[in-house]
Q: 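Mind having a look at this structure? Questions to follow.
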Protein chains: 2
Amino acid sequence: MASPMYRQIAEDLRERIESGELQPGQQLQTELELRERYGASRNSVRDAIKLLITRGLVQTRPGQGTFVVQKIDPFVTILSGEPTAGGPEGAAYQWESSERKREVTSSPIQVEIQEASREIASQLGMAEGTEVISRHERRFIDGTPWSMQTSLYPMEFADRGAERLRRPEYIEEGTVMYLRATIGVRQVACRDWITVRAPNSTEADFFKLPSDGRIPMYEIFRTAFDGNGQSMRLTITVCPADRNQFIVEFGEASVFSDRRVRAAPWEGRLHSDA
Amino acid sequence: MASPMYRQIAEDLRERIESGELQPGQQLQTELELRERYGASRNSVRDAIKLLITRGLVQTRPGQGTFVVQKIDPFVTILSGEPTAGGPEGAAYQWESSERKREVTSSPIQVEIQEASREIASQLGMAEGTEVISRHERRFIDGTPWSMQTSLYPMEFADRGAERLRRPEYIEEGTVMYLRATIGVRQVACRDWITVRAPNSTEADFFKLPSDGRIPMYEIFRTAFDGNGQSMRLTITVCPADRNQFIVEFGEASVFSDRRVRAAPWEGRLHSDA
DNA sequence: GGGTATTTGTCCGTATGTATT
DNA sequence: AAATACATACGGACAAATACC
């Protein structure tokens with residue numbers, strides 16, 4: 001009685017999916033068959049399916065049908081303060097694959113000279129409008145788009161001798177090492193600011209996300225500080241939340257050294273709903 | 001011609017919102033007026049509005065109209081390994097308000113005895129089916145629901161003398177201190193595992209989120225370790241991603257000590273879309 | 001409290017377009 | 001080329017929520 005028909009249909013389908021009657025990857029009945037099954041109109045069936053789509057339970061493929069979604073094997077990143085050499089762009093992050101080996105590749109680096117917006121200037125501790133170097137890079141895992149990253153440096157760094165910041169090339173030894181070697185700027189600390197938001201159209205396009213923006217994005221701001229407590233870099237990383245997870249470790253490192261990172265820690269129900 | 005009409009309508013409305021022509025909180029034209037404006041049917045206008053809803057740009061109120069959403073002032077949490085006394089449940093997290101003072105309140109603690117599921121047993125390093133104590137708590141900021149948190153402890157802790165774990169009361173000095181004082185279990189490290197997922201119905205209900213699940217949830221698993229490298233606690237925190245952000249700090253603490261946490265670091269566009 | 005107008009929500013039927021097999 | 005299945009678009013009807021008098 002209570003709830004509208006399209007919600008009842010969605011609820012029934014949801015239960016059948018979560019009970020395992022409908023397996024991941026399996027095709028649902030067609031809209032016309034579901035119309036018969038539930039004695040509703042095709043439009044109401046479609047409303048139910050739309051609901052399940054925004055909940056991420058099913059996906060539709062024109063000309064084929066409606067399918068239970070396959071969960072994506074998430075990529076787990078350990079946020080770590082220690083810059084490791086070898087990683088691209090100063091290894092703002094240290095990657096660790098969960099199980100099978102995955103291959104990380106990168107787009108060419110795109111360099112722009114910008115005037116710092118209010119927010120960027122605030123993060124980098126400079127006056128608004130000061131010139132900054134923007135180094136942008138897109139990353140893939142096993143060929144699928146995984147993250148977009150932009151690092152911003154004070155233009156002054158290049159003027160003082162870190163010329164390679166201006167060039168659209170990788171800095172193999174890592175920008176942290178490079179900046180220390182060339183102009184003596186030493187990174188001693190950094191802060192990650194983790195947010196989640198809807199993707200913009202550029203991101204939805206690059207990550208091949210559904211254009212309705214139902215899959216959220218992590219946006220992580222990493223501000224790095226030198227020995228004087230000055231901000232020396234702002235790195236902004238954006239990646240889809242449906243295929244990424246993050247780990248942060250505190251305290252005695254020895255505890256973690258022999259501990260392998262496993263798959264997602266949780267898939268069940270925590271406690272009685274009350 | 002390209003894109004379907006309902007997308008063109010949505011795109012036009014999006015631009016008017018982002019340009020500021022339509023201010024947050026302001027009411028859009030009614031569906032019938034928009035029908036006139038765009039020369040489309042009411043259903044097509046409604047499809048456009050649905051798109052904007054899942055993108056989080058507008059909300060509808062039956063009987064009233066469609067409104068541009070107001071952004072929520074986010075609550076920023078510093079993830080920190082050091083357990084501070086005074087905070088509820090061993091202060092798994094240290095809270096810091098961004099600007100204005102906010103009042104954090106808590107529901108009564110709900111205690112359950114459970115048998116560890118495979119995932120929980122795996123995280124706590126025990127055999128599946130071992131009894132664990134579950135302490136569940138819900139938190140509010142300025143009266144609005146903000147987070148749900150569940151801490152799981154080995155039942156053995158209570159048997160060895162930490163009796164208060166079994167009782168549905170706060171442990172004022174913090175469970176970290178309490179466990180050290182009563183049974184000599186000392187927390188030396190912890191690991192946070194950060195994930196994002198759609199809310200379940202219990203969460204959507206408690207947090208008063210729209211039932212279509214378009215607002216994602218953070219789910220953070222904190223595993224705490226004692227001096228022997230054994231897991232001593234698993235704390236699971238769930239909170240809506242639209243009103244929460246997290247900060248992690250690495251390296252020399254002195255850099256951060258005199259640095260106030262400000263509002264969200266970013267609201268603009270990063271680089272030319274290309 | 002009641003009544004009425006307004007506005008969005010649900011549901012239907014139908015027709016046509018587009019992608020896939 | 002044909003069949004199938006989802007996508008878009010229209011129009012209409014009634015229900016439910018809200019605001020206002």
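Lettering follows sequence order; numbering is per chain, from 1. Note that these values count all heavy atoms, side chains included, but never hydrogens, waters or copies made by symmetry. As the structure is a prediction and not an experimental result, all values here were calculated from the model.
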Q: Check side-chain hydrogen bond (donor to acceptor under 3.5 Å, both in side chains) between B/Ser44 and all other residues, then give those that pass, not counting sequence neighbours.
A: B/Ser41
Q: Between A/Tyr6 and A/Tyr38, does the ring centre distance come in under 6.0 Å?
A: no
Q: Taking only residues two or more places apart in sequence, or in another chain, which ones meet A/Arg46 in a salt bridge (charged side-chain N to carboxylate O under 4.0 Å, His left out)?
A: A/Glu31
Q: Return the value, rounded to whole Å, for the distance between atom CD1 of B/Ile53 and atom C1' of C/dG9.
A: 11 Å
Q: Residues two or more places apart in sequence or in another chain: which of them pass side chain to side chain contact (heavy atoms under 4.5 Å, CB included) with A/Pro216?
A: A/Val196, A/Ala241, B/Val196, B/Pro216
Q: Could you walk me through whether B/Phe246 and A/Trp193 pass the side-chain contact (heavy atoms from CB on, under 4.5 Å) test, one step at a time?
A: CA-CA 6 Å; B/Phe246 295 92; A/Trp193 194 314; over 6 Å; no
Q: Identify, with sequence neighbours excluded, every residue that meets salt bridge (charged side-chain N to carboxylate O under 4.0 Å, His left out) alongside A/Arg37.
A: none
Q: Decide, yes or no, whether a salt bridge links A/Arg118 with A/Glu128 under the criterion of side-chain N to carboxylate O below 4.0 Å.
A: no
Q: Using a 4.0 Å cut-off on heavy atoms, which residues in residues 21-34 of chain A reach DNA chain C? List them by number, or say none.
A: none
Q: Return the value, rounded to whole Å, for the distance between atom OH of A/Tyr38 and atom P of C/dC11.
A: 14 Å
Q: What's the shortest heavy-atom distance between B/Val69 and B/Pro24, and which atoms?
A: O-CB, 3.7 Å
Q: Checking B/Arg61 now: which residues fulfil side chain to side chain contact (heavy atoms under 4.5 Å, CB included) with it, not counting sequence neighbours?
A: B/Gln59, B/Gln64, B/Phe67
Q: Walk along DNA chain D from 5' to 3' and tell me the first and last nucleotide with an atom closer than 4.0 Å to a non-hydrogen atom of chain A.
A: D/dA5 to D/dT8
Q: Distances under 3.5 Å only, N/O to N/O: pair up the protein atoms with those of nucleotides 17-21 of chain C.
A:
none

Q: Quick one: bend of the helix from C/dG2-D/dC21 to C/dT21-D/dA2 from 5 pairs per end, to 10°?
A: 20°
Q: Please identify each residue that fulfils salt bridge (charged side-chain N to carboxylate O under 4.0 Å, His left out) with B/Asp242, with sequence neighbours left out.
A: none
Q: Among residues at least two apart in sequence or on other chains, which ones pass side chain to side chain contact (heavy atoms under 4.5 Å, CB included) with A/Glu33?
A: A/Gln29, A/Thr30
Q: Quickly work out the B/Arg42 CZ to C/dT8 P distance and round it to whole Å.
A: 7 Å
Q: Can you name the residues that form a side chain to side chain contact (heavy atoms under 4.5 Å, CB included) with B/Glu15, not counting sequence neighbours?
A: B/Glu11
Q: Using only side-chain N and O atoms of A/Ser44, determine if any of them is under 4.0 Å from OP1 or OP2 of C/dT10.
A: no
Q: Output the rounded distance in Å from CZ (A/Arg46) to P (C/dT10).
A: 16 Å
Q: Using distance alone, with no hydrogens and no angle criterion, decide if B/Glu137 and B/Ser106 have a side-chain donor and acceptor under 3.5 Å apart.
A: yes
Q: 5'-most contact on DNA chain C: A/Asn43 or B/Ile49, nearest heavy atom basis?
A: B/Ile49
